[in-house]
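Before any comments, here is the structure.
Atom set for the values below is all heavy atoms of this structure, side chains included, hydrogens, waters and symmetry mates excluded. For ligands, and for the atoms within them, numbers begin at 1 and follow the listed sequence. Owing to the predicted nature of the structure, the values given are computational and were not obtained by experimental measurement.
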Amino acid sequence: MELYFTGLASVYEPEHVARIFYPGARPARHRPAHGADAVYLHGGRRAVLAAVRCAGRRAACKIPLVPGASDRDAEYAVCRGLFDLLREFTGQNPPWGMLTGVRPVHLAHQLLAKGLSEQAVADHFETRDFVSAGKVHRVLEIARRQQPVLALSRPNSYSLYISIPFCPSRCSYCSFVSRTVAQSAGLIAPYVEALRRELAAIAALARRLGLRLETVYIGGGTPTAVSAAQLQALMQTVADEFDVPALREYTVEAGRPDCTDEEKLTVIKQMGATRISINPQTLSDEVLAAIGRRHTARDIIDCYHTARRVGHTSINMDLIAGLPRDTAAGFARSLQGVMALEPENITVHTLTLKRASNLVIDHTPGSYGDVQQMLAACSVLDGAGYKPYYLYRQKGTLENLENTGYTLPGHTGLYNVFIMEEVHTILSAGAGGSTKLVGPGGHIERVFNYKYPAEYLRGFGEMLARKQKVEEFYGKFADLDPQTSG
Ligand code: SF4
């Protein structure tokens with residue numbers, strides 16, 4: 001499917017609307033050949049002509065423009081007209097309507113903060129963006145559940161993200177900057193040492209600024225891809241440089257059982273982590289093989305029991321709906337299998353097709369299971385006591401669906417809420433790390449680390465110097481109220 005848009009001030013949002021119905025549709029530089037599958041928009045002064053042709057069928061409409069309307073209002077009118085046309089033409093009724101933002105709960109918080117009632121927020125989602133009543137209900141439920149978590153954050157709060165961008169092998173759907181352990185054998189030891197130095201520098205910076213550390217998240221990649229001794233050394237640095245006993249939460253991703261053993265799980269526990277994540281993605285051996293995992297479902301279950309045996313009391317498990325070779329029935333079995341283990345958190349992602357992933361490069365499109373049915377199967381979580389506590393969307397997700405974190409009472413993953421709702425600064429260490437500085441009034445600035453481990457090591461000095469921006473940022477808001485400091 002091609003997108004041929006001409007005469008418009010901006011094509012970004014209309015392209016998004018077209019891709020809700022035709023994922024992977026590409027902009028065309030020239031008018032598509034006669035009879036080709038395409039969506040057309042042609043902007044004029046008083047109206048925009050919209051047309052679609054697909055599989056020999058076609059439809060068209062005229063979208064009137066209100067004279068004197070702002071660019072924003074005109075763009076919305078075009079999106080809405082196009083959405084109506086494609087909805088009728090395809091017969092699809094996307095559950096998130098034409099909502100483009102990746103963080104609907106964040107939008108709900110913003111509208112509520114402006115003084116809108118829950119009903120008014122629901123109306124906004126349903127009438128402006130055609131979001132289904134079920135999704136709106138979910139958004140508001142999560143926004144309500146997040147309120148006490150958001151209240152924990154203070155003006156001088158921050159969280160710390162530590163990136164270990166190595167994995168035992170590359171999953172087919174992954175586009176992260178992770179490197180396989182085999183590709184990076186010589187890099188891991190110097191990387192861990194550099195990371196320890198960066199953490200010491202961040203700790204000194206945070207002390208100078210009087211910031212209070214709320215949560216730590218060691219992610220990746222797969223942090224347990226490094227040796228137990230390296231993990232121990234890294235976590236020792238965290239313990240030496242930061243006030244670990246005062247943390248509200250300390251998470252380590254122990255994502256894959258093919259590099260997570262009893263020794264590493266014990267190190268994680270002994271060094272003060274309060275939460276781990278073991279991520280099956282599926283409990284089907286066939287699907288695991290299809291996504292490039294070199295372990296079985298049995299290995300995941302064994303890893304989980306080992307984690308319990310060494311004392312982990314808060315465990316998250318991730319599942320992905322829509323993996324290649326999976327079916328709605330297969331996904332439901334994976335979900336039941338994970339629920340039977342009774343982890344404190346279950347996070348259900350919808351598969352996202354990322355351009356840099358092997359899946360997009362190698363896979364035949366269109367062979368994914370019924371993801372809407374898979375997500376609908378998650379209603380059983382409620383009966384088992386799991387409540388949704390955070391939700392976000394990504395571009396390129398199958399059927400434009402969402403990712404949702406569920407929790408048993410008392411185990412909300414705080415870092416996930418803090419980062420998603422941008423309530424405080426996230427200082428990031430390691431390759432691919434992105435520091436997000438959050439100031440009063442939602443003012444946000446970013447400082448990026450180098451993306452790949454080799455670049456990170458080569459440019460380490462310059463990268464540390466970039467962190468100067470953190471001090472400059474807080475210098476602008478030097479009137480932080482010390483009474484709110486923790
Ligand atoms: S474990 Fe995660 S980061 Fe590593 S390759 Fe798989 S999806 Fe990517």
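- A salt bridge links Glu344 with Arg308: the distance from a Lys NZ or Arg NE/NH1/NH2 to an Asp or Glu carboxylate oxygen falls below 4.0 Å.
- Of all the atoms in ligand 1, the ones that sit under 4.0 Å from a non-hydrogen atom of Cys171 are 1 (S), 5 (S), 6 (Fe), 7 (S).
- Near Arg256, meaning under 4.0 Å from one of its heavy atoms, ligand 1 places the atoms 1 (S), 6 (Fe).
- Using a 4.0 Å cutoff on heavy atoms, Gly221 counts as a contact of ligand 1.
- Less than 4.0 angstrom separates some heavy atom of Thr222 from each of these atoms of ligand 1: 1 (S), 4 (Fe).
- Ring orientation note: the planes of Tyr390 and Tyr392 are close to parallel, at an angle under 30° on the 30°/60° scale.
- Below 4.0 Å from some heavy atom of Ser169 lie the following atoms of ligand 1, by number and element: 5 (S).
- Rounding to the nearest 0.5 angstrom, the gap separating the OH atom in Tyr158 from the CG atom in Leu213 is 4.0 Å.
- Interface atoms of ligand 1 facing Arg170, defined by a heavy-atom separation under 4.0 Å, are 5 (S).
- For Glu342, the CD atom is loosely surrounded, since the number of other residues' heavy atoms within 6.0 Å does not exceed 12.
- Not a single heavy atom of Pro168 sits under 4.0 Å from any atom of ligand 1.
- No side-chain donor from either of Asn400 and Arg19 sits under 3.5 Å from a side-chain acceptor of the other.
- For the residue pair Asn316 / Thr347, a side-chain donor-acceptor distance below 3.5 Å is found, with atom types taken as modelled.
- For ligand 1, the atoms sitting less than 4.0 Å from at least one non-hydrogen atom of Cys167 are 1 (S), 3 (S), 4 (Fe), 5 (S), numbered in the order shown with element in parentheses.
- Of all atoms in ligand 1, numbered sequentially from 1 with element shown, those under 4.0 Å from a heavy atom of Cys174 are 3 (S), 5 (S), 7 (S), 8 (Fe).
- Side chain to side chain, Gln394 and Asn403 meet the donor-acceptor criterion of an N or O pair below 3.5 Å.
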